[in-house]
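I have placed the structure first, in the form of structure tokens, so that the comments after it can refer back to it.
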Amino acid sequence: MDTRLVKIEDIEAQNADIDLAASILKDGGLVVIPTETVYGLGGDATNPASSKKIYEAKGRPSDNPLIIHIATAQDAEKYAHTNEIYYRLADAFMPGPLTVILQKKDTVPYETTGGLDTMAIRCPSHPVAHAIIERAGIPIAAPSANISGRPSATSSEFVVEDFFGRVDMIVDGGDCEIGLESTIVMIKNDSLVLLRPGAITLDALSCVCEKVEISPTIEGVLGEDEHPLSPGMKYKHYAPASPLVLLDGNDEDVLEFLISEQKTKRCAIICYDEELDALEDKLLLPIGAKDDIVSHGKMIFARLRQCDKLSPDIIYAHLPDKYGLGLALHNRLIRAAAHTVLKIDKDYFTKGV
Ligand code: AMP
Ligand code: MG
């Protein structure tokens with residue numbers, strides 16, 4: 001398939017490119033669009049054939065539903081049953097990186113919702129995404145634009161790696177500002193259930209709704225017969241080809257451990273800028289200053305993708321704190337590492353494990 005690759009730097013001047021993307025979507029084609037979270041693999045959410053194409057292109061299991069992107073929060077009325085809490089969330093966080101689960105209307109086919117009576121809805125703030133959705137005049141189903149199981153794509157370079165020749169158009173809108181997928185919440189009576197942490201943090205949600213429960217699947221490992229509220233949570237995600245081990249310890253101990261590991265192993269290290277001088281300059285993948293969690297979020301998927309190209313024996317990264325945006329980073333990394341965490345403390349060195 002021929003794929004058009006178009007970089008959009010000026011929406012007004014590139015009106016014709018926005019039109020082209022919108023008409024491909026209306027005609028049932030697939031267009032990768034930039035959003036503030038990660039790139040999305042877009043298709044007409046009301047067209048079962050488009051949704052089927054999305055699942056095929058991603059290699060995604062068909063019971064893992066798609067998020068439906070709309071131009072304004074009020075557009076949800078056409079596709080879902082809204083309520084007072086939805087509008088409170090919309091006032092506070094839309095457009096932006098929040099996805100809300102609502103009961104679907106018949107305007108959305110089951111092919112898009114993975115067979116569920118509920119649907120996930122989001123109103124992205126990225127100006128290019130907004131312009132394309134508005135111009136198309138249809139809701140756009142857009143899961144993360146990565147082959148299933150690979151890290152989400154946060155720049156057009158990674159989209160091209162996964163989808164060039166497999167979609168009709170790739171719209172390059174630069175690097176994604178957040179770099180982690182949206183926060184997903186489900187409304188349950190007068191409370192919220194957090195299904196996937198993201199840039200809209202637990203604290204921010206708590207300011208809008210007093211009761212916010214955290215779904216156990218965010219941290220736990222599921223038993224074989226368990227069904228999570230968010231089907232995507234049961235699938236292994238973001239696993240790099242080499243084993244990823246998360247290090248839990250104070251800065252000094254972890255650095256000492258990394259220095260000694262570099263002597264005996266080909267290890268890729270997802271590290272903080274402050275550690276660069278002390279480590280040997282090989283296979284180092286910095287994600288920003290230690291305190292700059294926003295930078296860590298923005299860079300983590302690109303670094304995991306780079307790891308696959310380096311084929312190291314092992315990959316090390318710091319275990320993130322679970323506070324604020326850290327909860328989202330922790331959730332992605334703990335799954336990428338298949339829950340492998342190594343505790344590093346003084347005992348670790350004296351035992352010489
Ligand atoms: P992605 O599009 O790759 O960001 O993944 C979408 C996520 O949204 C997956 O984890 C899905 O399980 C979740 N999702 C989509 N629709 C629903 C729904 N109706 N109920 C619960 N989770 C959903
Ligand atoms: Mg995804």
Side-chain angles (χ1 to χ4, degrees), residues 30 32-43 45 50-51 54-55 57-70 76 79-82 86 96-105 107-124 126 129 139-154 158-159 162-163 176 178-188 192-200 213-218 222 226-239 297 300-301 304-305 328 331-332 335-336:
L30 299 187
V32 176
I33 55 174
T35 86
E36 70 278 19
T37 56
V38 298
Y39 273 79
L41 171 57
S50 298
S51 295
I54 292 177
Y55 283 106
K58 261 184 82 83
R60 181 175 193 148
S62 61
D63 67 344
N64 189 358
L66 309 175
I67 294 179
I68 293 159
H69 295 69
I70 51 178
Y79 314 109
H81 297 279
T82 60
Y86 170 77
L98 180 72
T99 297
V100 183
I101 310 295
L102 296 170
Q103 290 295 317
K104 82 172 193 69
K105 289 187 175 168
T107 41
V108 178
Y110 284 110
E111 283 81 353
T112 303
T113 65
L116 298 177
D117 288 320
T118 54
M119 63 178 286
I121 208 153
R122 174 164 118 74
C123 176
H126 194 294
I140 304 299
S144 54
N146 52 282
I147 300 290
S148 214
R150 298 201 74 194
S152 296
T154 51
F158 302 128
V159 173
D162 282 9
F163 291 110
C176 299
I178 296 170
L180 297 170
E181 306 86 345
S182 58
T183 301
I184 304 182
V185 292
M186 184 176 261
I187 301 171
K188 203 171 94 183
L192 295 178
V193 186
L194 177 64
L195 301 184
R196 179 172 75 183
I200 303 297
E213 265 174 56
I214 302 183
S215 165
T217 50
I218 286 180
L222 278 179
E226 285 181 83
H227 299 286
L229 288 171
S230 179
M233 285 294 185
K234 73 177 175 234
Y235 294 107
K236 189 176 170 190
H237 259 56
Y238 324 126
I300 195 67
F301 286 141
L304 288 174
R305 278 186 177 249
N331 167 264
R332 306 315 190 269
R335 298 173 79 204

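Numbering starts at 1 and runs along the sequence shown. We count ligands from 1, going down the list as the structure has it; atoms in each ligand are counted the same way. Hydrogens, waters and symmetry mates are skipped; everything else that's a heavy atom, side chains included, is used.
- Put simply, the residue from Cys176, Ser144, Ser152 that forms a side chain to side chain contact (heavy atoms under 4.5 Å, CB included) with Phe301 is Ser152.
- The Mg ion (ligand 2) has no N, O or S atom of Asn146 under 2.8 Å away, backbone or side chain.
- A heavy-atom distance below 4.5 Å is not found between the side chains of Phe158 and Asn146.
- With ligand atoms numbered from 1 in the order given, ligand 1 contributes 18 (C), 19 (N), 20 (N) to contacts under 4.0 Å with heavy atoms of Thr118.
- Ligand 1 is approached by Arg196 to a heavy-atom distance shorter than 4.0 Å.
- Every atom of ligand 1 is numbered from 1 in the order shown, and the set under 4.0 Å from a heavy atom of Ile184 is 7 (C), 8 (O), 13 (C).
- At distances below 3.5 Å, at least one donor-acceptor pair connects side-chain atoms of Arg122 with backbone N or O atoms of Gly96.
- Looking at residues two or more places apart in sequence or on another chain, you find a side-chain contact (heavy atoms from CB on, under 4.5 Å) between Ile214 and Leu202, Ile218.
- Ser182 places a side-chain heavy atom less than 4.5 Å from the side chain of Ile67.
- Those atoms of ligand 1 with a heavy atom of Pro143 less than 4.0 angstrom away are 2 (O).
- If you number the atoms of ligand 1 from 1 as listed, the ones under 4.0 Å from a heavy atom of Met119 come out as 19 (N).
- Using a 4.0 Å cut-off to heavy atoms of Ala120, the atoms of ligand 1 that qualify are 15 (C), 16 (N), 17 (C).
- Of the listed residues (Lys104, His69, Gln103, Arg60), the one carrying the non-hydrogen atom nearest atom 6 (C) of ligand 1 is Arg60.
- Ligand 1 places these atoms under 4.0 Å from at least one heavy atom of Leu116: 18 (C), 19 (N), 20 (N).
- Between the side chain of Arg305 and the backbone N or O of Pro151, at least one donor-acceptor pair lies under 3.5 Å.
- Distances below 4.0 Å separate heavy atoms of Asn64 from the following atoms of ligand 1: 9 (C), 11 (C), 12 (O).
- Of the possible polar contacts, one joining the Arg332 side chain to the Glu181 backbone as a donor-acceptor pair under 3.5 Å is found.
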